[in-house]
Novice: 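Could you have a look at this structure, given as structure tokens, before my questions?
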Protein chains: 2
Amino acid sequence: MPQKSLAVSDFACSDCPIRHRAVCSRCESGEMEQLDAIKYYRRFEAGQAIVWAGDKMDFVASVVEGVAALTQTMEDGRRQMVGLLLPSDFLGRPNRESVTYDVTATTEVTLCCFRRVPFQGLIEATPHLSQRLLEMTLDELDAAREWMLLLGRKTAREKIASFLFIIARRDASLKNFGGLESLSFDLPLTREAMADYLGLTLETVSRQMSALRRDGVIELQGKRHILVPSVEALMDETGDDADGGVYS
Amino acid sequence: MPQKSLAVSDFACSDCPIRHRAVCSRCESGEMEQLDAIKYYRRFEAGQAIVWAGDKMDFVASVVEGVAALTQTMEDGRRQMVGLLLPSDFLGRPNRESVTYDVTATTEVTLCCFRRVPFQGLIEATPHLSQRLLEMTLDELDAAREWMLLLGRKTAREKIASFLFIIARRDASLKNFGGLESLSFDLPLTREAMADYLGLTLETVSRQMSALRRDGVIELQGKRHILVPSVEALMDETGDDADGGVYS
DNA sequence: GGATGTATTTGATCGAGATCAAAGCGACGG
DNA sequence: CCGTCGCTTTGATCTCGATCAAATACATCC
């Protein structure tokens with residue numbers, strides 16, 4: 001098997017349909033066996049809770065299929081999404097039992113779980129693994145920082161456009177698209193979940209979606225399917241620079 | 001010298017006044033020598049740029065003294081702070097040359113820099129180092145997620161109270177305070193920088209500071225020194241739960 | 001002391017997005 | 001086919017924080 005050029009998605013448990021990004025190409029096969037020994041699959045329905053804030057979590061996991069959301073909630077019910085996990089994303093902290101946010105299945109979700117304590121042992125025994133996790137966590141931190149700019153400074157219209165662009169980009173990269181002119185994809189979130197992602201109300205989300213449709217930036221097919229006739233026109237609405245953002 | 005119980009701040013370069021959190025207690029002295037061999041100090045004036053977004057960065061660093069801010073800027077000048085580095089915090093990505101945000105000295109800053117490429121080599125040779133960096137990065141990610149809740153869902157007053165609480169807590173932990181009733185500290189940021197931190201305008205920051213003073217939640221001594229007569233009263237204004245938040 | 005400049009406070013007004021309220025639209029089951 | 005339920009859209013109004021503008025505090029320099 002020829003070696004891929006990137007260290008992303010280049011390893012799989014023996015029977016996972018996706019390849020886990022957490023493990024790098026240089027790992028030896030023995031580690032794969034060790035991973036197989038401590039793993040199990042879990043399936044969640046759309047809307048089902050995976051863990052609650054404050055709960056103990058005795059596993060870490062890769063998302064195999066579906067979409068899961070991390071949300072923080074205030075006592076009075078105000079909610080903010082703080083993470084969105086797509087297939088191959090990693091969930092959990094090897095060294096910490098509890099978690100500070102709710103994790104919910106947004107669509108039907110399959111997780112490939114690894115028992116936390118043995119996984120931690122595997123990390124200690126396998127330098128490449130913690131280096132790879134460090135890389136992934138730093139990428140997630142960069143994404144969180146872009147998200148903070150969106151939450152703190154962008155207008156509602158820019159937030160919606162940015163969100164559509166982010167989803168389109170992640171969707172496209174999963175399908176191995178390049179820099180296409182037009183793009184079409186399904187929204188993995190309800191209007192309410194989009195609102196929680198963007199720090200808006202669902203009414204504002206709906207209104208701005210309508211506005212972008214009216215202005216020809218997007219077309220809606222049903223409630224959830226989006227068609228972007230010009231990716232560039234969408235980009236222009238995000239408030240971001242035209243360059244940057246090649247990486248997730 | 002007796003060994004401390006926590007793996008935080010328990011290592012120092014031979015002549016750094018602070019102990020770098022990035023290196024753990026189990027490291028052997030040979031690694032300290034290796035660190036010493038690739039390090040150098042840099043000093044920055046208040047307001048001075050450390051790196052610009054898009055620049056190549058040939059080092060990673062620990063903050064030894066002072067405060068540095070990470071900010072993202074939009075073309076039209078809107079700015080959002082996305083990170084605030086205090087002494088012992090880590091800056092940079094071992095495996096990436098470029099950086100996606102501006103780094104600016106907020107006060108006078110001293111960095112203990114390590115040349116990036118040799119540091120990366122050291123990581124590969126030293127498993128504990130990447131595990132420690134992973135822990136620190138995950139902590140930073142958790143902090144970023146709380147920050148996202150603040151930016152997306154909190155009111156201006158809650159944002160200010162949360163900010164004061166965060167600074168007070170970090171300041172107190174540096175001084176090894178416990179759970180004190182009252183607290184006093186200096187703000188490391190101007191009103192404008194606070195606004196960039198909180199996703200507000202400087203006028204709103206000023207107004208809400210005045211409102212908290214009027215309501216007896218804080219006292220101002222000069223523009224920058226804050227006295228909190230009741231930490232609990234301040235907590236009540238943040239919108240957060242009374243528990244959680246023992247960690248930074 | 002007076003002049004200059006920067007950080008901050010305070011005031012008046014405006015507007016984007018929240019809130020409250022009511023339809024519209026499918027999907028599903030009877 | 002109709003009724004129900006959840007999701008979404010649209011409308012009317014209100015409010016919090018932004019914006020525009022001016023005054024005040026406090027350095028530093030002459």
Side-chain angles (χ1 to χ4, degrees), chain A residues 45-48 69 74 76-80 104 106-107 150-164 186-215 218-226 237 239, chain B residues 45-48 69 74 76-80 104 106-107 150-164 186-215 218-226 237 239:
Chain A
E45 302 299 311
Q48 200 180 349
M74 296 171 69
D76 62 4
R78 280 176 282 173
R79 284 200 308 167
Q80 176 63 52
T104 315
T106 295
T107 64
L150 176 148
L151 289 172
R153 296 303 190 191
K154 288 191 177 178
T155 65
R157 171 183 266 244
E158 287 169 341
K159 286 179 174 181
I160 298 288
S162 300
F163 173 76
L164 295 175
D186 285 311
L187 289 176
L189 301 182
T190 64
R191 299 289 184 265
E192 186 177 23
M194 284 177 64
D196 285 343
Y197 186 110
L198 299 170
L200 297 170
T201 60
L202 66 101
E203 293 96 328
T204 298
V205 170
S206 180
R207 266 186 258 276
Q208 295 298 334
M209 293 280 287
S210 300
L212 287 175
R213 178 171 45 71
R214 183 171 7 85
D215 299 345
I218 59 173
E219 290 167 34
L220 286 169
Q221 296 168 348
K223 310 286 181 193
R224 294 292 196 91
H225 192 82
I226 303 285
E237 298 287 346
Chain B
E45 302 298 311
Q48 200 180 347
M74 296 171 68
D76 62 4
R78 279 175 283 172
R79 284 201 306 168
Q80 176 63 52
T104 315
T106 295
T107 63
L150 176 149
L151 289 171
R153 295 303 188 190
K154 289 189 178 179
T155 65
R157 171 183 266 245
E158 288 169 341
K159 285 179 175 182
I160 298 288
S162 299
F163 173 76
L164 294 175
D186 284 311
L187 289 175
L189 301 182
T190 65
R191 298 289 185 266
E192 186 178 22
M194 284 177 63
D196 286 342
Y197 186 111
L198 299 170
L200 296 170
T201 59
L202 67 104
E203 293 96 327
T204 298
V205 170
S206 180
R207 265 186 259 276
Q208 296 296 336
M209 293 280 286
S210 299
L212 289 175
R213 178 172 44 71
R214 184 174 4 86
D215 298 344
I218 59 173
E219 289 167 35
L220 286 169
Q221 295 169 348
K223 311 285 181 192
R224 292 293 195 90
H225 192 82
I226 303 286
E237 298 287 347

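In what follows, chains carry the letters A, B, and so on, assigned in the order in which the sequence lines appear, proteins first and then strands, with residues in each chain numbered from 1.
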Novice: Identify whether any heavy atom of A/Gly199 sits under 4.0 Å from a base atom; if not, whether one sits that close to sugar-phosphate; answer base, sugar-phosphate or nothing.
Specialist: sugar-phosphate

Novice: Excluding sequence neighbours, so at least two apart, what forms ring pair (Phe, Tyr, Trp, His ring centres under 6.0 Å) with A/Tyr197?
Specialist: A/Trp147, A/Phe163

Novice: Which heavy atom of B/Ala161 sits nearest to which heavy atom of B/Glu237, and what is that distance?
Specialist: CB-CB, 3.5 Å

Novice: Could you list the residues that satisfy side-chain hydrogen bond (donor to acceptor under 3.5 Å, both in side chains) with B/Ser162, not counting sequence neighbours?
Specialist: B/Lys154

Novice: In whole angstroms, how far is the C1' atom of D/dG17 from the NZ atom of B/Lys154?
Specialist: 18 Å

Novice: How far apart are the closest heavy atoms of A/Lys223 and A/Leu187, and which atoms are they?
Specialist: O-CD1, 4.4 Å

Novice: May I have the distance from A/Gln221 (atom CD) to D/dT8 (atom C1'), rounded to whole angstrom?
Specialist: 17 Å

Novice: Residues in side-chain contact (heavy atoms from CB on, under 4.5 Å) with A/Ala46, at least two apart?
Specialist: none

Novice: Do any N or O atoms of the protein come closer than 3.5 Å to N or O atoms of nucleotides 9-13 of chain C, and which pairs are they?
Specialist:
{"unit_1": "C/dT9", "atom_1": "OP1", "unit_2": "B/Arg191", "atom_2": "NH2", "d": "3.1"}
{"unit_1": "C/dT9", "atom_1": "OP2", "unit_2": "B/Arg191", "atom_2": "NE", "d": "2.7"}
{"unit_1": "C/dT9", "atom_1": "OP2", "unit_2": "B/Ser206", "atom_2": "OG", "d": "2.8"}
{"unit_1": "C/dT9", "atom_1": "O5'", "unit_2": "B/Ser206", "atom_2": "OG", "d": "3.2"}
{"unit_1": "C/dT10", "atom_1": "OP2", "unit_2": "B/Ser210", "atom_2": "OG", "d": "2.6"}
{"unit_1": "C/dG11", "atom_1": "N7", "unit_2": "B/Arg207", "atom_2": "NH1", "d": "2.8"}
{"unit_1": "C/dG11", "atom_1": "O6", "unit_2": "B/Arg207", "atom_2": "NH2", "d": "3.1"}
{"unit_1": "C/dA12", "atom_1": "N6", "unit_2": "B/Arg207", "atom_2": "NH2", "d": "3.4"}

Novice: Rounding to an integer number of Å, can you tell me how far B/Asp76 CG sits from D/dA18 P?
Specialist: 15 Å

Novice: Base, sugar-phosphate, or nothing for B/Thr201, non-hydrogen atoms under 4.0 angstrom?
Specialist: base

Novice: Which of these passes side-chain contact (heavy atoms from CB on, under 4.5 Å) with B/Ile226: B/Glu219, B/Met209, B/Gln221?
Specialist: B/Met209

Novice: Are A/Thr204 and A/Leu198 close enough, and set up right, to give a side chain to side chain contact (heavy atoms under 4.5 Å, CB included), and what steps lead you there?
Specialist: CA-CA 10 Å; A/Thr204 298; A/Leu198 299 170; over 6 Å; no

Novice: If the condition is side-chain contact (heavy atoms from CB on, under 4.5 Å), which residues does B/Arg78 pass it with, not counting sequence neighbours?
Specialist: A/Arg153, A/Thr155, A/Glu158, B/Met74, B/Asp76

Novice: Quickly work out the A/Met194 CE to D/dT9 C1' distance and round it to whole Å.
Specialist: 14 Å

Novice: With a 3.5 Å distance limit and no angle check, can you tell me whether B/Ser206 reaches the backbone of B/Leu202 through a side-chain donor-acceptor pair?
Specialist: no

Novice: Within the structure shown, what part of the strands sits under 4.0 Å from B/Arg153 by heavy-atom distance: base, sugar-phosphate, or nothing?
Specialist: nothing

Novice: I want to confirm an ordering. Mapping A/Gly222 and A/Arg157 to their closest nucleotides on DNA chain C, which one lands closer to the 5' end?
Specialist: A/Arg157

Novice: Over the length of the helix from C/dG1-D/dC30 to C/dG30-D/dC1, how much do the five-pair end axes diverge, rounded to 10 degrees?
Specialist: 30°

